[in-house]
Amino acid sequence: MSKDFLPIRAFDHVEFYVGNAKQAAHFYDKVFGFTPVAKMGLETGCRDRASYVMQQGKVRFVLTSALVPDHEISRHCGLHGDGVKVMAFEVSDAEVAIREAKTRGATIVQSVEAYEDGDGVIKSGLLRYAGDTVIKLIERQHYRGRFAPGYEPITSNSPEDVGLAAIDHIVTNVYLGEMNYWAGWFQQVMGFNQLTHFTEDDISTEYSALMSKVMENGSGKIKLPINEPAEGKKKSQIEEYLDWYNGAGVQHIAMSTGDICGTVRALRNRDIDFLRVPDTYYEDLKDRVGPIDEDVNELQELGILVDRDEDGYLLQVFTAPMQDRPTLFFEVIERHGSRGFGVGNFKALFVSLEQEQAKRGNL
Ligand code: FE2
């Protein structure tokens, strides 16, 4: 394997452009178990936008809204609805990382800038990614503050967290014919390797199909599946996303937990909707996946899915879309050895997804 020319330390944060960041922050705090840690806006001297930084375990979300008309952020929300604008990766040297990416063919949206306050300095730059999404490469080891210069710490009476620990993977949907382009881009520009490739034979129902390539960085910490629709009898869930998002973009963010039953129970108690598979899924579960530590009755009650590969098994569950448009959703995942993505569950899930899609008149 070639030298990792763009070493990434970790997922740093995900920034969402939303219609009303204050209300979104309330939702992620009171329902999803995040703690608000920092904020920028009018009170901090920022006149055109408001941002809230939300933290749970190592998962960090930034929720941003425009404060003025005809702003890039409000245009983004008008076109795409609430969605992910920025995937940020922490690097040890932003200058070197952006220069390497540029030399290897990345489109630079913003070259490296330094942001400084009494707590130190942060450096970051932006690369163009699928649709209007951008990748931020951020250097923060010389910063001691809460998040970044310009933000002020905030506190709140948050309820208990729900046990979300870290981002496991982030999935992008792209148009037919673009998956190979972006898979190649991650190899060429970011030094990622292709971990797996699912074809329409792996992931299809009578009606719809998708293809997927999973890209992984040198350390294996960052996993980014890329989906494109495949020809089916009716409109696939990927096409439904692309239609309503008006472009390629982030489809789901998977977050890990050490206790999926506890996490899902807490979220269900706070009225988060999850996709349900038919109860028949659980009848032959033990035959399909072999021995597992969890009680199948509890998994069935909570709608948690199981898949096994040669390395072990995983437990996963998917939320309904997080906004009115059928676009972004979340996955909660607990891994017991498996490094996969639950391909054995895709068919059962597709049937469930298609039922929801039909209800929306989009199948
Ligand atoms: Fe996933």
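Start at 1 and go down the list; that is how both ligands and their atoms are numbered. Keep in mind the model is a prediction, meaning the values are calculated, not measured.
Between F61 and F330, the angle of the ring planes stays under 30°, which puts this pair in the parallel group of the 30/60° scheme. By the 30° and 60° cut-offs, the orientation of the rings of W182 relative to W185 is perpendicular.
For E331, the side-chain contact (heavy atoms from CB on, under 4.5 Å) test picks out H169, H252, A254, Q316, F318, I333, with sequence neighbours left out.
At a threshold of 4.0 Å, the pair R140-D12 counts as salt-bridged, since one of the basic side-chain nitrogens sits closer than that to a carboxylate oxygen. For E90 and R60, the salt-bridge test fails: no basic side-chain N is under 4.0 Å from an acidic carboxylate O. A salt bridge is absent between D132 and K85; no separation between the charged side-chain nitrogens and carboxylate oxygens falls under 4.0 Å.
Screening the protein for N, O or S atoms under 2.8 Å from the Fe ion (ligand 1) yields 3; no waters enter the count.
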